Amino acid sequence: MSKNGTGRRRSELLVPLTAIFVGLLFGAVLMILTGTNPLTAYAALIRGCFGSWADLSETSVYVTPLIFTGLSLAIAYKAGLFNIGAEGQLIVGMVAAAIVGVAGTGLPRIIHLPLTIISGALAGALWGAVPGYLKAKLGVHEVVNSIMMNYIALYLSHYLVTGPIKDPKVIAPYSREIADSAKLTRFFGGFGSSYRFNSGIFIAVAAVVVIYLLLYKTPLGYEIRAVGNNPDAARYAGISVSRSVLSSMLLAGAMAGLAGAVQVCAIQYKFLDLFAFEGFGLDGIAVALVAKGNPIGVLGSASLFGILQRGSQMMQGIAHVPKQVAGIVQAVVVFMVAAEGLTEGWLRIPGLVRRRLAGRSGREDAR
Amino acid sequence: MTFDAQTIKYLVIDILASTIPLATPLILAAVGGVFSDRSGVVNIGIEGMILIGSFTGVLTSYYTRNPWLGFLMAGLSGCLTAWFHALASIKYKANQTVSGVAVNIMATALTGFLLKAIFDRAGQTERVVKLARWTIPVIKDIPIVGEIIGSGPPPVYIAFIVVALAHIVMFKTVLGLRIRACGEHPEAADTAGVNVALIRYGCVMMSGFLAGLAGGTLSLGELSLFKEGMSAGKGYIALAAVIFGRWTPVGAMWASLLFALADAIQLIAQNWGFTLIPQEFMLMFPYVVTMAALAGIIGRSTGPAASGKPYVRRGV
């Protein structure tokens, strides 16, 4: 009887919540093993995220890129694809925004700012299109190719920021600072404000709405979801599978590229050489999975993982817990959401215990 | 620099001599990938298993000063990691790509965490005792060949033995037939009395063991320390080698050698001071070669039919 609509919906929410709980528990066990009090650490996490207006502002800075990369993974997920290349798409998005943000100096803000952000999205879309095209036309596994594209993006950005786009006035490998006309507004005190809360988060929320409408209210979205559900059935229904695969990867790349552009226009104001991957792309996996690929759900899960990311920095600072705890919690969550059967089995335990305690009367009902 | 015959000879020897050790971790990981894929489970988690293996190897060598024990523990830790992936993929019918990625996220985070917690350092561990190089008598005296494979880290030779054994098991034994049946047509295998789940568990864990050894090769064979993220995409390149090698151990070996050759060319170009192409573009070369190879072969090569799909036994 529990297989009706509400039961299903309940488990859709319960599985991710259980996964997060188990993830935090697992993190706590690791902390105990390495000699830290997990309560102190998690208290530092909460205080570090919500303790003051400044903390809250910083938390929003962590949440924003995760909304974009979560959307990126979610769109691909809906088409049955796994866009592990969000990381590289984000990098080229940052580079493109850093270039256009400088090159467009002198343009009015109303043109320069959108142009900068759109160029980031386009660069990301281009980067996503490569594995998308290879998947659509040749059937090459998008995971391997998009990982390769991540490394290519990393080296390309390194080449650019140590050579062609490097700021000649400094020794460090930075690009030149973008013009004020390409910067997103920081509330509470303008461009130089120490509060980094900025209008990027509104772009992210708008992207959530746009992607939601696109996926659920347009023919293209319908086709993408149909291909994700069952490519063979979609093909018989006359849907072009390769078109849907390519367009979902273009959109996914554009979202990850937007993450990079907003990061440059609102936070960094320039491209800083990366010595390793930033991780926003990988974090997007957990964000999209917990949200089950639903754009609205991405908003909630991105907030959650953003808090975890920001909080883990604070845990490292205050409680001396290595910040990698965030990644460990994330991995447990992804694993448990993937192995849904395992998690649902655990969810059934309380019910089983209750039934056992109440005698065997429940057994007849179950039949 | 002039390119006379002598220079070219040294250049070629130099490139080939670096190709073999670079190929070793790829070969080990790719042969494991062949087993996993052939049995019907895609193992994206190889990357993470390499990382766990390289960390465990260094950790063991650090405490015991015995690099061989470290190398073995590297394999076993990879095997244990693979068990989680097998459990999710086989028993709980998880999306295998997602579960594999979970392994990779966990490996990156856990090794980083333990690096701080145990060594109290960021970035890399201190140096530990590494595997002593082997020198093969007779072969080392052959001109040219001796310079290329006459001596090297032990995993180099182990990898080639693994390829030979894997080829025999996969194509000359009943076990190999059963493994392939589980990946092609699990229903038929089941009807014929093969325990599909058991075979798949075994293959995934074997794949983890070999990926762990690949990690041990990186940290105890080539280097003598663990660096954060030292697997650097090698697990994914190994997966590409599985596909490019058409799901056979020998094919995977050749594919690994090809990808390693691309890597060796870029390394040697740097060492010889070849500056016509910026270094970063040379560093991209192995990744570009991998993509090009995959795009070239696909369509003419199909994987095991049931790979990636959980096997649900139909009860009566």
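Being a predicted model, the structure only gives us computed values, none of them experimental. Quick note on labels: first sequence line is chain A, next is B, and so on, each numbered from 1. Both backbone and side-chain heavy atoms feed into the values below; hydrogens, waters and symmetry mates do not.
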Tell me which of these, A:Gly327, A:Gly163, A:Ala338, has more heavy-atom pairs under 4.5 Å with chain B than the rest.
A:Ala338
Can you say whether B:Ile237 sits under 4.5 Å from chain A via the side chain, the backbone, both, or neither, judging by heavy atoms?
both
How are the rings of B:Tyr287 and A:Tyr151 set relative to one another: parallel (under 30°), tilted (30 to 60°) or perpendicular (over 60°)?
parallel
Given side chain to side chain contact (heavy atoms under 4.5 Å, CB included), test A:Ile328 with B:Met106 step by step and report yes or no.
CA-CA 5 Å; A:Ile328 292 169; B:Met106 178 58 95; 3.9 Å; yes
Contact leader toward chain A among B:Asn104, B:Val98, B:Ile118, where contacts are heavy-atom pairs under 4.5 Å:
B:Val98
Just how far is it from atom OG1 of B:Thr97 to atom CD1 of A:Ile84, taken to the nearest 0.5 Å?
9.0 Å
Can you measure from CG (B:Asn95) to OH (A:Tyr77) and round to the nearest 0.5 angstrom?
7.0 Å
Using heavy-atom distances under 4.5 Å, tell me whether B:Val101 contacts chain A through its side chain, its backbone, both, or neither.
side chain
Can you list the steps and then say if A:His158 with B:Leu283 is a side chain to side chain contact (heavy atoms under 4.5 Å, CB included)?
CA-CA 11 Å; A:His158 182 71; B:Leu283 283 166; over 6 Å; no
Separation between OH (A:Tyr159) and CZ (B:Phe281), nearest 0.5 Å, reads 5.0 Å
Reported CD-to-CD1 distance for the pair B:Glu280 and A:Ile152, which is rounded to 0.5 angstrom:
13.5 Å
Run the numbers on B:Thr108 and A:Gln324 for side chain to side chain contact (heavy atoms under 4.5 Å, CB included), then give the verdict.
CA-CA 8 Å; B:Thr108 309; A:Gln324 282 87 351; over 6 Å; no
Look up atom CD in A:Gln316 and atom NZ in B:Lys116, then write down how far apart they are to the nearest 0.5 Å.
4.5 Å
At a 4.5 Å cut-off on heavy atoms, which part of B:Ser99 comes close to chain A: side chain, backbone, both, or neither?
both
Counting heavy-atom pairs under 4.5 Å with chain A, which one of B:Ala232, B:Ala240, B:Ala117 comes out on top?
B:Ala232
Can you tell me which of B:Ser89, B:Pro278, B:Ala107, B:Pro286 forms the most heavy-atom pairs within a distance under 4.5 Å of chain A?
B:Pro278
As an exercise, state the distance from CZ of B:Phe113 to OG of A:Ser312, rounded to the nearest 0.5 Å.
11.5 Å
